[in-house]
2 protein chains.
Amino acid sequence: MRITTWNVNSIKQRLPHLLPFLDEARPDIVCLQELKCQDEAFPRAEVEAAGYAVETLGQKAYNGVALLVRKPLAVAEVRRGLPGDSEDEQARYIEALVSGPETQPVRVASIYLPNGNPVASPKYPYKLAFLERLRLHARGLLDDETAVVLAGDYNVIPEPADAADPEAWRSDALFLPQSRAAFRALLAEGYTDGLRACDPRDGLYTFWDYQAGCWQRNAGIRIDHLLLSPQAADRLVAASVQKHLRGLDKPSDHVPVTVELSAG
Amino acid sequence: MRITTWNVNSIKQRLPHLLPFLDEARPDIVCLQELKCQDEAFPRAEVEAAGYAVETLGQKAYNGVALLVRKPLAVAEVRRGLPGDSEDEQARYIEALVSGPETQPVRVASIYLPNGNPVASPKYPYKLAFLERLRLHARGLLDDETAVVLAGDYNVIPEPADAADPEAWRSDALFLPQSRAAFRALLAEGYTDGLRACDPRDGLYTFWDYQAGCWQRNAGIRIDHLLLSPQAADRLVAASVQKHLRGLDKPSDHVPVTVELSAG
DNA sequence: GCATACCCGG
DNA sequence: CCGGGTATGC
C-alpha cells in the first residue's frame with residue numbers, strides 16, 4: 001500500500017500534474033494540502049474518474065486539505081478538523097480510516113501545519129499550539145490497534161541535514177528550536193519519520209521556494225513528512241520523493257513524498 | 001498599400017494572434033489600440049522580427065496606441081498625443097508620415113477614443129472634447145497635399161445599421177446623438193468612412209462584447225473606423241473586416257479592419 | 001514567484 | 001467576460 005503526501009499549492013492549478021501522477025504512480029492514498037478552494041470547487045469528478053474516492057476540507061483562498069483513496073479501498077470514520085480548539089476555523093486537518101480486502105486498515109491524516117512566520121506575530125504561537133494539539137491527538141490515536149500515518153506539510157525542518165543552507169533558516173519559524181522540539185515531541189510519542197527511516201542521506205528535499213532560483217540552485221528543504229505509528233512503521237518497506245514534478249511547467253513548490261507499507 | 005486598425009485589448013495577451021496575422025495578411029501599416037502596457041513592455045523585438053518598425057505611445061494598465069510599419073516603408077514626423085489639451089495624459093493618439101519607394105506617402109494615425117460611459121460622469125464630456133480636438137486636428141491635416149488615414153477605435157456607432165440591436169445602445173455613450181454628431185462632424189470636414197464606402201451592407205461589426213454571449217449571438221457593433229482624407233479616399237480600392245479572429249481562443253473583443261489604397 | 005481576493009475599466 | 005492593478009500569504 002502506497003501513501004503519498006503532496007502540498008499542491010492550489011488543486012485547480014495543479015490538476016494537470018495530479019491526474020497524470022495518479023495514473024502513473026497509482027498511489028493507494030493521497031494526502032493533499034493547500035487546496036486553496038472551497039469544497040464545492042474541488043475538481044471531484046476528474047479525481048473520481050481517475051479511480052479515487054474524495055474527502056475534502058476546504059476553505060476560501062487559503063489552506064484546505066483532502067484525502068484521495070483508491071477504489072476499492074473503503075473510507076470510514078472521517079474526521080474534519082484537529083481537536084483541541086473549537087475556535088480554530090482553518091482547514092488544516094482531515095483524517096479517515098482506510099481499509100481494504102487485502103490489507104490491514106490504516107488511519108491516515110492529511111495535515112497542513114501553520115507556517116508560523118513572522119515569528120513576532122500571533123502566527124508563531126498558533127503554530128506551536130497546533131503542533132501541541134497534534135501531539136495530543138496523535139497520542140490518542142495510538143490507543144487502538146490500527147496503523148496510523150500522519151502525513152502532510154509540517155512546515156518544520158527537523159534537522160540541519162534537511163536544508164541545503166540551514167544557516168539561512170536559523171531564525172525562521174520552520175527551523176526555530178521550539179518548532180523542531182515540537183516535531184521531536186511527536187516522534188517521542190512513538191512515531192517514526194517514514195522517509196528518514198528509509199533514507200539516511202543528506203540532500204533529501206521536498207520544497208524549493210519559487211523565488212531566488214531555489215530550484216535551479218537546489219536550495220531546498222525537507223518539510224513534508226509522513227509520521228508512522230509503531231504498527232505502521234513495522235510495515236514500512238520503502239519511501240521516496242517524487243522530485244521530478246518540481247521540474248514541470250507551472251509546478252507546485254512542493255513535491256510528493258510516498259511511503260510503501262506492506263499489507264500487514 | 002493595406003492599412004489595418006485593431007484594438008488588441010492588451011498587446012501582451014494578443015501577441016499570439018498578432019504575429020500570425022502580420023505573417024498572413026502582411027498589412028503595410030497596422031494601427032493598434034489598447035496596448036495596456038508601457039513602452040518598455042511592448043514586445044518590440046517580436047514585432048520587428050516580423051518585419052515591422054514600431055512606434056508606440058504606451059501607459060500603465062490602460063489605453064496605449066502604436067503604429068507598425070512594414071519595412072522598407074519609412075516612418076517620419078511621429079506625433080504622440082492629440083493637440084488641444086496639454087493636461088491630457090491619456091495615451092490615445094499616435095500619428096506618423098509613412099512613405100515608400102513605390103507609393104505616395106500617407107499620414108496615418110492610430111486613435112483610441114474615450115469610451116465615455118457612464119454618461120453622467122466626466123468621462124462623457126471628455127469624450128466629446130476629444131472628438132472636437134480630433135476634428136480640429138483632422139481639419140489641419142488637410143492643409144498639405146498628403147493622403148491622411150485616421151484609424152482606430154472611435155467608440156462611436158455611426159448609424160443604427162452599425163449595431164445588431166440599436167435599441168440596446170440608445171442611452172449609451174457610443175450611440176448618443178452628441179457622439180454620433182461629433183463623428184459626422186469629422187466626416188463633414190471631408191473625411192470618408194473607408195469601410196462604409198466599400199461595403200453598404202448592414203451587419204458589418206468590429207466589436208462583440210465578451211459578456212452575455214454577444215459573439216455567439218452576433219450581437220456586434222461597428223466602432224472601429226478608418227477615416228480617409230479626400231486624397232486617400234481617391235486611392236481607396238477595398239475594405240474588409242477580419243472577423244475570423246474573434247473566433248480564436250482568447251480573442252480581443254475587437255477584430256481588425258483593413259483598407260487597401262492604390263499606390264497613388 | 002506564484003497563488004489567492006478584490007477593485008477598476010470596458 | 002476578460003483585461004489590468006493592488007494587497008496578502010507563503
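Chain letters run A, B, ... following the sequence lines, proteins first and then strands; every chain starts at 1.
- Picking from C/dC6, C/dT4, C/dG10 the nucleotide with the shortest atom distance to the side chain of A/Ser10 gives C/dT4.
- The nucleotide whose nearest atom lies closest to any side-chain atom of B/Asn115 is, among D/dG5, D/dT8, C/dG10, C/dG10.
- Rounded to whole angstrom, the span from the OH atom of A/Tyr124 across to the C1' atom of D/dG9 amounts to 19 Å.
- Within 4.0 Å (heavy atoms only), A/Gln13 reaches sugar-phosphate atoms of the nucleic acid but no base atom.
- Distances were taken from every side-chain heavy atom of B/Gln211 (C-beta onward) to each of C/dG10, D/dC10, D/dG3; the shortest belongs to C/dG10.
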Practice prompt. Applying side-chain hydrogen bond (donor to acceptor under 3.5 Å, both in side chains), run through A/Gln33 and A/Thr5 and close with a yes or a no.
Written response: CA-CA 8 Å; A/Gln33 300 92 37; A/Thr5 181; 3.0 Å; yes
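- Between A/Asn9 and B/Tyr62, the residue whose closest nucleotide on DNA chain C is further toward the 5' end is A/Asn9.
- Atom C1' of nucleotide C/dT4 and atom OH of A/Tyr112 are separated by 12 Å, given to the nearest angstrom.
- Of the side-chain N and O atoms in A/Lys60, one or more sit less than 4.0 angstrom from OP1 or OP2 of C/dC6.
- Whole-Å rounding puts the B/Arg14 CZ to D/dC1 C1' distance at 12 Å.
- Atom CG in B/Asp172 sits roughly 12 Å away from atom P in C/dG10 (whole-Å rounding).
- Aromatic ring orientation, A/His225 versus A/Tyr154: tilted (interplanar angle from 30° to 60°).
- Here the P atom of nucleotide C/dC2 and the NZ atom of A/Lys36 are 12 Å apart, to the nearest Å.
- The phosphate of D/dG3 (OP1 or OP2) has a side-chain N or O of B/Lys250 nearer than 4.0 angstrom.
- Taking the side chain as every heavy atom from C-beta outward, A/Ser252 and A/Trp6 approach each other to under 4.5 Å.
- Note that B/Arg92 lies in the cation-pi zone of B/Tyr112, set by a 6.0 Å cut-off to the ring centre and a 45° limit from the axis.
- B/Phe207 comes within 4.0 angstrom of nothing in the nucleic acid, heavy atoms only.
- The nucleotide whose nearest atom lies closest to any side-chain atom of B/Tyr210 is, among D/dG5, D/dC1, C/dT4, D/dC1.
- B/Phe175 carries B/Arg180 over the face of its six-membered ring, with the cationic atom under 6.0 Å from the centre and within 45° of the normal.
- The interatomic distance linking A/Asp153 (CG) with D/dC10 (P) rounds to 11 Å, in whole Å.
- Taking every side-chain heavy atom of B/Lys123 into account, C/dG9 is the closest of D/dG5, C/dT4, C/dG9.
- Atom NZ in A/Lys12 sits about 12 Å away from atom P in C/dA3, given to the nearest Å.
- Taking atom CG on B/Asp249 and atom P on D/dC2, their separation rounds to 10 Å, with Å as the unit.
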